Q: 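Please read through the structure below; I'll follow up with questions.
These values consider heavy atoms only, across backbone and side chains, with no hydrogens, waters or symmetry-generated copies. Whatever order the structure lists them in is the order used to number ligands and atoms, beginning at 1. Keep in mind that this is a model prediction, so the values were computed, not measured. The first residue of the sequence shown is numbered 1, and numbering continues consecutively from there.
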Amino acid sequence: MAKYQSINPYTNETFASYDNPTASQIEDSINLAHALYQKWRHEEPESRCKTLHQIATAFREHEQEMAEIMTREMGKMIGESKGEVELCASICYYYADHGPEMLKPQPIESKLGKAYYLKQATGVIMACEPWNFPLYQVIRVFAPNFIVGNPILLKHAHNVPGSAAMTAKIIKQAGAPEGSLINLYPSYDQLDDIIADPRVQGVALTGSERGGSSVAENAGKNLKKSTMELGGNDAFIVLDDADPQVLKKALSTARTYNDGQVCTSSKRIIAVKTRYDEVLHELKNSFAALKPGDPLDPATTLPPMNSANAKDKLTKQVDEAVKAGAKVFYQYPEIDSAGAFFRPIILTNVDKQNPAYDQEFFGPVAIVYEVEDEDEAIALANDSSYGLGSSVISADVKHAQEVAAQIETGMTVINGTWISSGELPFGGIKKSGYGRELSELGMMAFVNEHLVISMPTE
Ligand code: NAP
């Protein structure tokens, strides 16, 4: 894509468009960011904490305008947009408060001499981000790297350019030095050139397998470190002893939060046979209760998808799944609107031959599987190209932890669904990508672990 336009998916109105940068704008941006990296190298991480606090506070102060632009560009419900801004403020506070401690030198026991490694900045990082959490995806990379001392160049998704601009503006106005985060609207070819530039030392991408493999290939070709946060097909395992109220609450948002457009949405609901009917019933009730409308209206509970293209793609995937034998257990009634509304749907009877079995459905589509027992549930959960997140619903938390340990994913939430916070690592395995964002693990993504060892002199 990379044709940057703001199109309201509720009204179909195109309200802004943005040009690609010129070659000299790109050169100036890389220069500016690189110069900042060189300055930051001589400063302690503590020196940036105050500014990151100010940035966190600024996001809180600008919550309404930041939330509104996100909602207008990609259709997220306004309440969820505000929640996203607050989450991002909390992530900034987290790294401002805890980041420097994580960057202290690490002593190493060695018979060869006094050894330790420093945790140092590496340079400018290119961040390629998706539209589904226009602010959060950026802050996941920006906040830790700001404390580390790695400036960020941002290439946001083609459909949220206004959110990208506002993010950069708020960060700048809060007092961040020029070059801390530079928002660009590059074409794919320009992005390739930026990644190849020797002053750029790493690439963080969150997005699809398609985008990830292309950008990772280019990073690899240029020997640039990368982190890839890609798609998911998360299993939501319902065990025999699941607490009915916990199950009901988790199911109520499992497939409709952010209109199902979350990498860690519970895309495969796997219920042991004793709980299968109850799961279908609860899901149907939660889908049927949704109220479509303008996502800027706080009364709306079913927003449009992020774009008409996304709706068309999802519709095609569902049609193909049904053609291959999936049964429609429930679909939300027709919605009288020109907006990009997808009617939430529950599919069953998806077998291994069905293309839907191993595909990510990025929207409000729940695929529900009935299994004999827990072992079959775990085997089905692991029979996936993806390995991002998972959920286990069980009244016996210790046992659920044992089940979690058998699931091949980067994250498991017990008795809940998608969750994120500054201190919790986020990321997956298999085709869901590699590396982690957030937490101490994420903070080290683009750190130089610089060994220093003093040899005995006698
Ligand atoms: P996408 O198409 O891969 O886009 C992500 C970013 O990469 C955008 O900035 C996009 O730019 C850019 N991009 C895509 N193809 C590219 C290419 N060939 N060369 C250079 N840049 C390229 O992903 P999406 O469909 O917007 O986002 C949804 C996907 O993200 C889902 O699969 C979801 O599961 C995943 N996701 C993962 C996580 C996680 O943490 N694991 C979190 C959120 C979302 P353009 O917009 O200009 O194409």
Q: Under a 4.5 Å cut-off applied to non-hydrogen side-chain atoms, are Leu230 and Leu205 in contact?
A: yes
Q: Is the number of heavy atoms from other residues, nucleotides or ligands within 6.0 Å of NZ (Lys430) greater than 12?
A: yes
Q: Between the side chains of Lys172 and Glu178, is the shortest nitrogen-to-carboxylate-oxygen separation below 4.0 Å, so that they form an ion pair?
A: yes
Q: Evaluating non-hydrogen atoms only, which member of Ser208, Ser214, Ser187 is closest to atom 18 (N) of ligand 1?
A: Ser214
Q: Could you check whether Lys76 pairs with Asp259 (Lys NZ or Arg NE/NH1/NH2 to Asp/Glu carboxylate O, under 4.0 Å)?
A: no
Q: Within a distance under 4.0 Å of any heavy atom of Gly211, pick out the atoms of ligand 1 and give their elements.
A: 3 (O), 14 (C), 15 (N), 16 (C)
Q: Should Glu449 and Lys119 count as an ion pair when the cut-off is N to O under 4.0 Å?
A: no
Q: With atoms numbered from 1 as shown, which atoms in ligand 1 lie under 4.0 angstrom from a non-hydrogen atom of Asn132?
A: 43 (C), 44 (C)
Q: May I ask you to check if ligand 1 and Lys155 share an N or O to N or O distance below 3.5 Å?
A: yes
Q: Taking only heavy atoms of His158, which atoms of ligand 1 are found under 4.0 Å from at least one of them?
A: 45 (P), 46 (O), 47 (O), 48 (O)
Q: Have a look at Ile367 and tell me which of Val350, Asn233, Ile270, Asn354 forms a side-chain contact (heavy atoms from CB on, under 4.5 Å) with it.
A: Val350
Q: Can the positive tip of Arg140 be found less than 6.0 Å from the middle of the six-membered ring of Phe426, inside 45° of the ring normal?
A: yes
Q: Can you run down the side-chain hydrogen bond (donor to acceptor under 3.5 Å, both in side chains) pairs that involve residues 5-19, sequence neighbours left out, and say none if there aren't any?
A: Ser6-Glu73
Q: Considering the heavy atoms of His156, write down every atom of ligand 1 situated less than 4.0 Å from one of them.
A: 9 (O)
Q: Does any N or O atom in Arg140 lie less than 3.5 angstrom from one in ligand 1, N or O only?
A: yes
Q: Within 45 degrees of the ring normal and closer than 6.0 Å to the centroid, is that where the cationic atom of Arg255 sits relative to Phe287?
A: no
Q: Are any of the N/O atoms on Leu230, whether in the backbone or the side chain, positioned under 3.5 angstrom from an N/O atom of ligand 1?
A: yes
Q: As an exercise, identify every atom of ligand 1 less than 4.0 angstrom from a heavy atom of Pro130.
A: 27 (O)
Q: Can you list the atoms of ligand 1 that are under 4.0 Å from a heavy atom of Glu360?
A: 31 (C), 32 (O), 33 (C), 34 (O)
Q: Under a 4.0 Å heavy-atom limit, does Asn159 contact ligand 1 with its side chain, its backbone, both, or neither?
A: neither
Q: Given side chains that start at C-beta, do those of Ile345 and Tyr332 come closer than 4.5 Å, heavy atoms only?
A: no
Q: Below a 4.0 angstrom heavy-atom separation, can you tell me which part of Leu388, side chain or backbone, both or neither, approaches ligand 1?
A: side chain
Q: Taking 4.0 angstrom as the limit and counting only heavy atoms of Leu205, give me the atoms of ligand 1 inside it, by number and element.
A: 7 (O)
Q: Do Ile170 and Ile55 have side chains that get closer than 4.5 Å, going by heavy atoms?
A: no
Q: Taking 4.0 angstrom as the limit and counting only heavy atoms of Val215, give me the atoms of ligand 1 inside it, by number and element.
A: 19 (N), 20 (C), 21 (N)
Q: My understanding is that we take every heavy atom of each candidate and find the minimum distance to atom 39 (C) of ligand 1. Doing that for Cys263, Ser420, Ala310, which one comes out nearest?
A: Cys263
Q: Which part of Thr206 is near ligand 1, with near meaning a heavy atom under 4.0 Å away: side chain, backbone, both or neither?
A: both
Q: Does any N/O atom on Tyr4 come nearer than 3.5 Å to any N/O atom on ligand 1?
A: no
Q: Does an N or O from Glu129, backbone or side chain, lie closer than 3.5 Å to an N or O of ligand 1?
A: yes
Q: Does any N/O atom on Arg210 come nearer than 3.5 Å to any N/O atom on ligand 1?
A: yes
Q: Look at atom 24 (P) of ligand 1 and find which of Phe362, Phe426, Trp131 reaches it with the closest heavy atom.
A: Trp131
Q: Taking the six-membered ring for Trp and the full ring for Phe, Tyr or His, determine whether the centres of Phe362 and Trp131 are under 6.0 Å apart.
A: yes
Q: His62: what forms a ring pair (Phe, Tyr, Trp, His ring centres under 6.0 Å) with it, not counting sequence neighbours?
A: none
Q: Does Gln261 come within less than 4.0 angstrom of ligand 1, counting non-hydrogen atoms of the residue?
A: no
